[in-house]
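To keep things clear, I will list the structure first and then write my remarks on it.
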Amino acid sequence: MTGIILVTALTMGGPGFGLLMNPWVQEEIGLTPEQAEKLTSILADHITSTAGIRAEIAAKRLELSAELGKDKPDMKKVEKLIGEIGDLHAKLMMERIRAEIAIRNILSDEQKAKLRELKLGHPGKGKGKGKGKRGPRPMWF
């Protein structure tokens with residue numbers, strides 16, 4: 001390894017984030033120490049900026065669950081909570097897209113191509129539709 005930073009505490013699921021935190025993947029695509037540092041910074045900023053949104057979603061889900069647990073739930077309150085949860089999910093998705101674009105911008109065209117190649121070869125990602133296969137997923141890079 002060429003001094004590439006691995007931050008396992010920042011490993012995240014989904015296309016791009018988790019895969020790029022794998023030291024083997026970083027080495028395979030030729031991630032430089034400077035790029036690894038920027039990657040770590042982007043992910044740390046993303047986690048920090050979305051923590052409040054995630055907490056709000058959890059709180060709204062608990063509130064929704066409590067309302068639905070009543071004998072006679074207030075459907076106006078249920079509808080309002082579902083709308084608020086949807087809005088929060090939209091904010092979270094936008095933040096994720098911003099982080100993924102920031103990550104994409106630190107990679108060279110060759111690194112993006114190699115990452116796409118690695119993603120296509122990754123078991124369960126984009127190959128087949130049999131048992132245990134998830135089918136094609138969006139590629140952000």
Side-chain angles (χ1 to χ4, degrees), residues 1-71 73-141:
M1 183 79 80
T2 60
I4 295 174
I5 301 169
L6 172 64
V7 183
T8 54
L10 297 178
T11 300
M12 302 172 68
F17 289 153
L19 189 62
L20 272 172
M21 293 314 298
N22 183 319
W24 178 83
V25 171
Q26 291 180 1
E27 193 169 327
E28 279 295 305
I29 69 169
L31 201 67
T32 68
E34 294 79 21
Q35 287 174 312
E37 190 174 317
K38 287 178 185 177
L39 173 66
T40 300
S41 176
I42 291 166
L43 293 177
D45 289 347
H46 174 71
I47 289 170
T48 302
S49 71
T50 59
I53 299 170
R54 292 176 196 280
E56 276 188 80
I57 290 171
K60 297 286 181 192
R61 284 184 176 164
L62 285 173
E63 194 176 341
L64 177 61
S65 181
E67 189 61 37
L68 292 172
K70 295 179 180 177
D71 285 340
D74 178 347
M75 290 308 292
K76 286 186 180 185
K77 187 172 184 179
V78 167
E79 188 175 336
K80 180 180 181 250
L81 287 167
I82 289 172
E84 291 171 353
I85 292 168
D87 290 345
L88 290 166
H89 275 288
K91 284 182 185 178
L92 196 58
M93 182 181 281
M94 195 64 226
E95 289 302 316
R96 181 172 183 90
I97 289 169
R98 282 187 182 106
E100 289 191 11
I101 289 171
I103 291 169
R104 181 189 317 166
N105 290 336
I106 66 171
L107 300 176
S108 69
D109 290 341
E110 294 81 16
Q111 288 171 321
K112 289 179 215 174
K114 185 65 177 174
L115 186 59
R116 265 190 232 94
E117 187 180 305
L118 291 172
K119 283 182 181 182
L120 289 174
H122 195 67
K125 301 241 173 51
K127 288 189 170 194
K129 293 188 178 189
K131 188 175 181 179
K133 305 284 183 178
R134 297 189 343 197
R137 293 181 54 183
M139 296 274 227
W140 299 106
F141 297 97

| said: Using modelled atom types and a 3.5 Å cut-off, is there a donor and acceptor pairing between side-chain atoms of T40 and backbone atoms of A36? | reply: yes
| Looking at OG of S49 and CZ of R54, how far apart are the two atoms once the value is rounded to the nearest 0.5 Å? | 9.0 Å
| query | Below 4.5 Å, heavy atoms only, C-beta onward: do E79 and K76 meet side chain to side chain? | reply | no
| said: Would you say that I97 contacts M93 through its side chain, given a criterion of any heavy-atom pair below 4.5 Å between the two side chains? | reply: yes
| task | Could you pull out the closest heavy-atom pair between L107 and K112, with the gap in Å? | result | O-CE, 3.3 Å
| query | Of all heavy-atom pairs between D74 and E67, which one has the smallest distance, and what is that distance? | reply | N-OE2, 2.7 Å
| H46 backbone acceptor or donor facing E95 side chain under 3.5 Å | no
| request: Before giving the answer on side chain to side chain contact (heavy atoms under 4.5 Å, CB included), spell out for E117 and K114 the whole-Å C-alpha distance, their side-chain angles and the decisive distance to 0.1 Å. | output: CA-CA 5 Å; E117 187 180 305; K114 185 65 177 174; 3.4 Å; yes
| query | Is it true that a side-chain atom of T48 and a backbone atom of A44 form a donor plus acceptor pair closer than 3.5 Å? | reply | yes
| Any I85 side-chain heavy atom under 4.5 Å of H89 side chain | yes
| For E110, what residues pass the side chain to side chain donor-acceptor pair (under 3.5 Å) criterion, not counting sequence neighbours? | S108
| task | Determine whether I103 and L43 make a side-chain contact, defined as any pair of heavy atoms from C-beta on separated by less than 4.5 Å. | result | yes
| R96 and E100 ion-paired at < 4.0 Å | yes
| Main-chain N/O of I53 paired to T50 side chain as donor or acceptor, under 3.5 Å | no
| remark: So NZ of K60 and CD of E63: to nearest 0.5 Å the spacing works out to 5.5 Å
| query | Just how far is it from atom CD of E84 to atom NZ of K80, taken to the nearest 0.5 Å? | reply | 4.0 Å
| said: What's the separation between atom CG in L64 and atom CD1 in I57, rounded to the nearest 0.5 Å? | reply: 12.5 Å
| note | In this structure, CD1 of I106 is separated from OG1 of T32 (nearest 0.5 Å) by 8.0 Å
| said: I need the minimum non-hydrogen distance between I42 and A99, along with the two atoms involved. | reply: CG2-O, 3.7 Å
| task | Quick one: pull up CG in L19 and CG in L115 and give me the separation to the nearest 0.5 Å. | result | 5.5 Å
